[in-house]
Peer 1: 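I have a structure here, written as structure tokens, and I will follow up with some questions on it.
Chain A is the first sequence line, chain B the second, and so forth, proteins listed ahead of strands; every chain is numbered from 1. None of these values were measured; they are calculated from a predicted model.
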Amino acid sequence: MPELPEVETVRGTLERLVGGKVISGGSVSQSELRCPMPANLLQRLAGQRIQSVKRRGKFLLVGLDSRETLIVHLGMTGRIIVQTGTTTFEPGFYDRGARRFVSHDHLELRFKDGSRLFYNDSRRFGFIDLVRPGRLRFDPRMRALGPEPLSNDFSPTYLAACFAGRKTSLKAALLCQETVAGLGNIYVCEALHRARLSPRRAARTLVGGNGAPTMRLDRLIAAIRSVLQEAVAAGEQAFLRAERCEPEASPGVRFRVYDREGEPCLNAGCKGTIERSIQGGRSTFFCRRCQR
DNA sequence: CATGCCCCCTGCACGC
DNA sequence: TGCGTGCAGGGGGCAT
């Protein structure tokens, strides 16, 4: 499910709904995720206050008052459900048609005020880990991450250096979390479509002869930023509607290429048709007419 | 080093 | 209705 915008939506929701609350207990019904949960997870969490909820790439980082960090990764089907009072929140899950099977609530956390949090993950590609104080910055999972795409570190100069000499496709390069953190299959397709760049184009062709950034590279960065910003904003609006107990107006962001095989290209002035192809074993959606 | 392939696991849509 | 097939937003390991 979740790429940067969805994880960011979950982050913001958790911050507002459980930030500052104290964990009173919980239960684990299935600890065998992609990596098993730490054996004594619940004992280590009991009595702790949620100090912060941050995000790095697709990782959720829950800061506790012991200075430990709970790392949550949602994999493909991970979802977080929060119940406070009579309201149930399920942020960032854009496949609204998918049922939530309670049998896949692998972890439940209870808070002193009666709120409850569930981690649900049918395919169990996600994981939950608890990292000792001060160890997060040395964690190999964090160290392997490239810059945040919405930060200034993700600059034309950076990306030019990253792409220089690389024959690999733009699609593969952008999916790599070491290049930039948080993009997944959907938003890579969307960003390349907005930038009118072919997913098969070699990454190095966006680098000038002197190793300098090119206009295409600037276009790509702008496209990545805009599609992510719009999706984050849509997630924010969805949360606010849920908070006011308003019905879901739309199922979230409307994708312009993803899952639109055979439909017309929506780029201005383009009369092309969206195609699907396989790259690295995953679907790529693109318009060969305007993406070069 | 880079790339493609397979695997982890479950649910769902589709065709017969 | 029921069953088989292929596919899914992530990521890691392995062979080539």
Peer 1: Taking atom P of B:dT3 as reference, at what distance in whole Å does atom NZ of A:Lys171 sit?
Peer 2: 14 Å
Peer 1: I want to verify a distance call: between B:dG11, C:dG10, C:dC7, whose nearest atom is closest to the A:Arg276 side chain?
Peer 2: C:dC7
Peer 1: Specify the separation, in whole Å, of atom CE of A:Met142 and atom P of C:dG11.
Peer 2: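 Between P of C:dG11 and CE of A:Met142: 11 Å.
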Peer 1: So does A:Arg282 reach the base of C:dG10 with its side chain, donor to acceptor, closer than 3.5 Å?
Peer 2: yes
Peer 1: Please state how far atom CG in A:Leu175 lies from atom P in B:dA2, giving the value in whole angstrom units.
Peer 2: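 Those two atoms, CG and P, are 16 Å apart.
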Peer 1: Flag the pair A:Lys21 / A:Arg49 as yes when at least one side-chain heavy-atom distance between them is below 4.5 Å, and no otherwise.
Peer 2: no
Peer 1: Quick one: label A:Tyr187 by what it contacts on the DNA or RNA (base, sugar-phosphate, nothing), any heavy atom closer than 4.0 Å.
Peer 2: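 It contacts nothing in the nucleic acid.
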Peer 1: I'd like to know if the side chain of A:Glu6 reaches the main chain of A:Glu3, judged simply by a donor and an acceptor atom lying under 3.5 Å from each other, with no hydrogens or angles considered.
Peer 2: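 Indeed, once roles are kept as given, a pair shorter than 3.5 Å links the two residues.
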Peer 1: With respect to the phosphate group of B:dG11, does any side-chain polar atom (N or O) of A:His104 fall under 4.0 Å of OP1 or OP2?
Peer 2: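 The answer is yes; a side-chain N or O of A:His104 sits under 4.0 Å from OP1 or OP2.
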Peer 1: Starting the side chain at C-beta, find the nucleotide from B:dT3, B:dT10, C:dA8 nearest to A:Arg166.
Peer 2: B:dT3
Peer 1: For the side chain of A:Arg124 and the backbone of A:Leu33, is there at least one donor-acceptor N/O pair under 3.5 Å apart?
Peer 2: no
Peer 1: Does A:Thr168 have a side-chain nitrogen or oxygen under 4.0 Å from the phosphate oxygens OP1 or OP2 of B:dT3?
Peer 2: yes
Peer 1: Using the P atom on both, measure C:dC3 against B:dC9 and round to a whole Å.
Peer 2: 23 Å
Peer 1: Could you tell me how far apart A:Ile186 (CD1) and C:dG11 (P) are, to the nearest whole angstrom?
Peer 2: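 About 13 Å, once rounded to whole Å.
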Peer 1: Taking the side chain of A:Lys167 as heavy atoms from C-beta outward, which of B:dT3, B:dC9, C:dG11 is closest to it?
Peer 2: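 The listed nucleotide nearest to A:Lys167's side chain is B:dT3.
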Peer 1: Would you indicate what A:Gly184 reaches in the nucleic acid, counting non-hydrogen atoms under 4.0 angstrom: base, sugar-phosphate, or nothing?
Peer 2: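 Sugar-phosphate: the residue A:Gly184, judged by heavy atoms under 4.0 Å, touches backbone atoms but no base.
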Peer 1: Whole Å only: how far is the CZ atom of A:Arg79 from the P atom of C:dA8?
Peer 2: 19 Å
Peer 1: Nearest of C:dG10, C:dG11, B:dG11 to any side-chain atom of A:Asn185?
Peer 2: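 Among the listed nucleotides, the one closest to the side chain of A:Asn185 is C:dG10.
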Peer 1: Look at the side chain of A:Gln177 and the backbone N and O of A:Leu183, then say whether any donor-acceptor pair between them is shorter than 3.5 Å.
Peer 2: yes
Peer 1: If pairing requires Watson-Crick or G-U wobble contacts with both distances under 3.5 Å, which nucleotide is the partner of B:dC9?
Peer 2: none
Peer 1: Rounded to whole Å, how long is the line connecting atom CG of A:Asp259 with atom P of C:dA8?
Peer 2: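 In whole Å, C:dA8 P lies 9 Å from A:Asp259 CG.
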Peer 1: Suppose you measure atom P in C:dC7 against the same atom in B:dC5; what distance do you get, rounded to whole Å?
Peer 2: 14 Å
Peer 1: Using the P atoms only, state how far C:dG6 lies from B:dC6, rounded to an integer number of Å.
Peer 2: 13 Å
Peer 1: Under the criterion side chain to side chain contact (heavy atoms under 4.5 Å, CB included), I'd like the reasoning laid out for A:Arg241 against A:Arg244: C-alpha separation, chi angles, the key distance, then a yes or no.
Peer 2: CA-CA 5 Å; A:Arg241 282 195 300 273; A:Arg244 296 192 297 260; 4.0 Å; yes
Peer 1: Quick check with a 6.0 Å cut-off and a 45 degree axis cone: is A:Arg276 positioned over the face of A:Phe286's six-membered ring?
Peer 2: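 No, a cation-pi geometry is absent between A:Arg276 and A:Phe286.
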Peer 1: Give the rounded distance in Å between these two atoms: CD of A:Glu261 and C1' of C:dC7.
Peer 2: 12 Å
Peer 1: Between A:Arg123 and A:His73, which is nearer to the 5' end of DNA chain C once each is assigned its nearest nucleotide?
Peer 2: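 The answer here is A:Arg123.
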Peer 1: Measure from the side-chain heavy atoms of A:Arg99 and tell me the nearest of B:dC9, C:dA8, B:dC12.
Peer 2: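 The closest nucleotide is B:dC12.
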Peer 1: Output the rounded distance in Å from CZ (A:Arg204) to P (B:dT3).
Peer 2: 10 Å
Peer 1: Among B:dC9, C:dA8, C:dG11, find the nucleotide with the atom closest to the side chain of A:Arg34.
Peer 2: C:dG11
Peer 1: Between the base of B:dC8 and the ring of A:Phe125 - centre-to-centre under 5.5 Å, planes within under 30° - is that a stack?
Peer 2: yes
